[in-house]
Amino acid sequence: EWSELGPMKGCDDDPFSFTDFSLDATIFEHKGDYYYVWAQKASNISNLYIAKMAAPNKLATVMEMITTPDYDWERILFWVNEGPAVIKHNGKIFLTYSASETGECYCMGMLSIGENEEILNPRAWKKECNPVLKTDVDKQIYGPGHNSFVKDETGNDVMIYHARQYDEIIGDPLYDHNRHVYRMKIKWNSRTE
């Protein structure tokens with residue numbers, strides 16, 4: 001049975017968490033603690049924040065911003081970092097996120113941190129300076145983003161994400177609901193090993 005716990009709450013010393021438009025939260029476990037990562041607007045810019053959790057509906061620590069739209073590819077029409085997803089591999093934690101507005105320019109960036117580093121220290125996270133997944137005209141995949149990670153039947157890492165099969169959108173792309181679900185098998189290389 002499920003119980004409605006109400007909205008997510010910041011810790012007692014945090015007057016800013018969830019006070020503006022917030023969405024796209026994800027949770028991950030690390031060394032016995034649970035961490036909450038979400039997108040929240042500040043001055044009309046969507047940033048990603050992280051905090052340790054005290055309970056399923058309450059944070060234990062003050063929120064820390066781990067990424068803001070720094071690069072031009074994250075700032076097309078809207079300044080956006082949203083939709084975080086976490087995967088762990090070989091001693092590292094990888095956090096992907098979506099950037100820019102939701103048309104052809106929508107794409108995915110990535111942060112990473114070593115498992116023994118201080119998770120709540122924004123300076124410990126390494127941010128890639130280029131998108132890790134973007135529009136591929138040859139494959140007719142436009143505006144990929146908003147992913148999650150799962151395992152397939154044999155234990156391989158798989159990424160699930162959405163994208164469109166065309167780039168000509170009438171009106172605001174946010175209201176064009178023709179995004180399809182795609183899957184991609186993840187192959188780890190020496191850079192991520």
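The basis for the numbers below is simple: all heavy atoms, side chains too, and nothing from hydrogens, waters or symmetry mates.
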*Asks:* Sequence neighbours excluded, which residues qualify as salt bridge (charged side-chain N to carboxylate O under 4.0 Å, His left out) partners of D12?
*Replies:*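 By the salt bridge (charged side-chain N to carboxylate O under 4.0 Å, His left out) rule, D12 matches K58.
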*Asks:* Does W73 reach the main-chain N or O of C105 with its side chain, forming a donor-acceptor pair under 3.5 Å?
*Replies:*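 Not confirmed, W73 side chain does not pair with C105 backbone.
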*Asks:* Heavy atoms only: give me the nearest Y161-I141 pair and the separation to one decimal.
*Replies:*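 Closest approach of Y161 to I141, heavy atoms only: OH-CD1, 3.8 Å.
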*Asks:* Does the side-chain contact (heavy atoms from CB on, under 4.5 Å) test come out yes or no for I186 and F149, once each step is laid out?
*Replies:* CA-CA 9 Å; I186 297 171; F149 296 104; 3.5 Å; yes
*Asks:* Might you work through the side-chain contact (heavy atoms from CB on, under 4.5 Å) test for K126 and E117, ending with a clear yes or no?
*Replies:* CA-CA 11 Å; K126 178 190 174 216; E117 294 184 61; over 6 Å; no
*Asks:* Look up atom CG in N81 and atom OG1 in T67, then write down how far apart they are to the nearest 0.5 Å.
*Replies:*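 Answer for the CG-OG1 pair, N81 versus T67, is 4.0 Å.
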*Asks:* Residues two or more places apart in sequence or in another chain: which of them pass salt bridge (charged side-chain N to carboxylate O under 4.0 Å, His left out) with K127?
*Replies:*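 Residues passing salt bridge (charged side-chain N to carboxylate O under 4.0 Å, His left out) with K127: D70, E74.
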*Asks:* Less than 4.5 Å apart, side chain to side chain, heavy atoms only: is that true for D152 and R183?
*Replies:*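 Answer no - side chains too far apart.
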*Asks:* Listed by chain and number, what are the side chain to side chain contact (heavy atoms under 4.5 Å, CB included) partners of Y166, not counting sequence neighbours?
*Replies:*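 With neighbours one apart ignored, the set is R164, I169, D176, N178.
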*Asks:* Can you hop from M110 to M184 via hydrophobic side chains spaced under 4.5 Å?
*Replies:*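 Same cluster.
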*Asks:* Are V62 and C11 side-chain neighbours, meaning at least one heavy-atom pair lies under 4.5 Å?
*Replies:*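 Side chain of V62 against side chain of C11, heavy atoms only: contact under 4.5 Å found.
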*Asks:* Write down the atom of E128, the atom of Y71, and the distance for their closest heavy-atom approach.
*Replies:*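 Heavy atoms of E128 and Y71 come nearest at O-CE1, 3.7 Å.
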*Asks:* Nearest heavy-atom pair of P122 and E64: which atoms, and what distance?
*Replies:*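 Taking every non-hydrogen atom into account, CG-OE1, 3.7 Å.
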*Asks:* Find the distance between OG (S100) and NZ (K134) and round it off to the nearest 0.5 Å.
*Replies:*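 Here the interatomic distance stands at 12.0 Å.
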*Asks:* Check step by step if side-chain contact (heavy atoms from CB on, under 4.5 Å) holds for Q40 and N47.
*Replies:* CA-CA 6 Å; Q40 182 171 317; N47 306 308; over 6 Å; no
*Asks:* Just do the side-chain contact (heavy atoms from CB on, under 4.5 Å) check on M159 and L133 with the steps written out, would you?
*Replies:* CA-CA 11 Å; M159 184 176 75; L133 187 64; 3.5 Å; yes
*Asks:* With sequence neighbours left out, what residues match D167 under side-chain hydrogen bond (donor to acceptor under 3.5 Å, both in side chains)?
*Replies:*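 Partners of D167 by the side-chain hydrogen bond (donor to acceptor under 3.5 Å, both in side chains) criterion come out as none, since no residue qualifies.
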*Asks:* Using the side chain to side chain contact (heavy atoms under 4.5 Å, CB included) criterion, which residues pair with V37? Sequence neighbours excluded.
*Replies:*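 Scan of V37 (side chain to side chain contact (heavy atoms under 4.5 Å, CB included), adjacent residues dropped) gives T26, F28, I50, I66, P84, L95.
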*Asks:* Applying salt bridge (charged side-chain N to carboxylate O under 4.0 Å, His left out), can you list everything that pairs with K151, at least two apart in sequence or on another chain?
*Replies:*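 By the salt bridge (charged side-chain N to carboxylate O under 4.0 Å, His left out) rule, K151 matches D157.
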*Asks:* Could I get the full list of salt bridge (charged side-chain N to carboxylate O under 4.0 Å, His left out) partners for K88, not counting sequence neighbours?
*Replies:*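 Residues passing salt bridge (charged side-chain N to carboxylate O under 4.0 Å, His left out) with K88: E29.
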*Asks:* Working to the nearest 0.5 angstrom, can you tell me the gap between W79 CH2 and S46 OG?
*Replies:*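 Reported value, rounded in 0.5 Å steps: 13.0 Å.
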*Asks:* Under the salt bridge (Lys or Arg N to Asp or Glu O under 4.0 Å) rule, what pairs show up with a residue in residues 15-25, not counting sequence neighbours?
*Replies:*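 The answer is none; no pair qualifies.
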*Asks:* Are I87 and V132 in one and the same hydrophobic cluster, where Ile, Leu, Val, Met, Phe, Trp and Tyr link if side-chain heavy atoms are under 4.5 Å apart?
*Replies:*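 Linked within one cluster.
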*Asks:* Would you mind listing the cluster partners of M8? Hydrophobic ones only (ILVMFWY), side-chain contacts under 4.5 Å, chaining allowed.
*Replies:*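 Via sub-4.5 Å side-chain contacts, M8 links to F16, F18, I27, Y34, Y36, W38, Y49, M53, L59, M63, M65.
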*Asks:* CD1 of I93 to CG of L111: how many Å apart, nearest 0.5 Å?
*Replies:*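 Rounded to the nearest 0.5 Å, the CD1-CG separation comes out at 11.5 Å.
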*Asks:* Please tell me whether Y97 and L120 are part of a single hydrophobic cluster in this structure, the criterion being side-chain heavy atoms less than 4.5 Å apart.
*Replies:*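 Same hydrophobic cluster.
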*Asks:* Return the orientation label for the Y106 and H146 ring planes: parallel under 30°, perpendicular over 60°, tilted otherwise.
*Replies:*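 Judged by the thresholds at 30° and 60°, the geometry between Y106 and H146 is tilted.
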*Asks:* Would you give the length of the straight line joining atom CG of N156 to atom NZ of K185, rounded to the nearest 0.5 angstrom?
*Replies:*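 Interatomic distance, N156 CG to K185 NZ, rounded to 0.5 Å: 4.0 Å.
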*Asks:* Rounded to the nearest 0.5 Å, how far apart are CZ of F78 and CG of N44?
*Replies:*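 Between F78 CZ and N44 CG, I get 8.0 Å after rounding to 0.5 Å.
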*Asks:* Parallel, tilted or perpendicular: which one describes the rings of F94 and W188, with boundaries at 30° and 60°?
*Replies:*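 Ring orientation of F94 relative to W188: tilted.
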*Asks:* With sequence neighbours excluded, tell me which residues meet side chain to side chain contact (heavy atoms under 4.5 Å, CB included) with T135.
*Replies:*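 Side chain to side chain contact (heavy atoms under 4.5 Å, CB included) list for T135, sorted by chain: E104, V137, Y142, P144.
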*Asks:* Can you name the closest pair of heavy atoms from S17 and G10 and give their distance?
*Replies:*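 Closest approach of S17 to G10, heavy atoms only: CB-CA, 4.1 Å.
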*Asks:* Who pairs with N116 by side chain to side chain contact (heavy atoms under 4.5 Å, CB included), at least two apart in sequence or on another chain?
*Replies:*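 Applying side chain to side chain contact (heavy atoms under 4.5 Å, CB included) to N116 gives K31.
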*Asks:* Only counting residues at least two apart or in another chain, list the ones meeting ring-ring contact (aromatic ring centres under 6.0 Å, His included) with F21.
*Replies:*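 So F21 forms no ring-ring contact (aromatic ring centres under 6.0 Å, His included) with any residue.
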*Asks:* Report yes if the side chains of M108 and P131 come closer than 4.5 Å at any heavy-atom pair, otherwise no.
*Replies:*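 M108 does not reach P131 side chain to side chain.
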*Asks:* Would the number of heavy atoms belonging to other residues, nucleotides or ligands and lying under 6.0 Å from CD of Q140 be above 12?
*Replies:*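 No, CD of Q140 has 12 or fewer neighbouring heavy atoms, counting only those of other groups under 6.0 Å.
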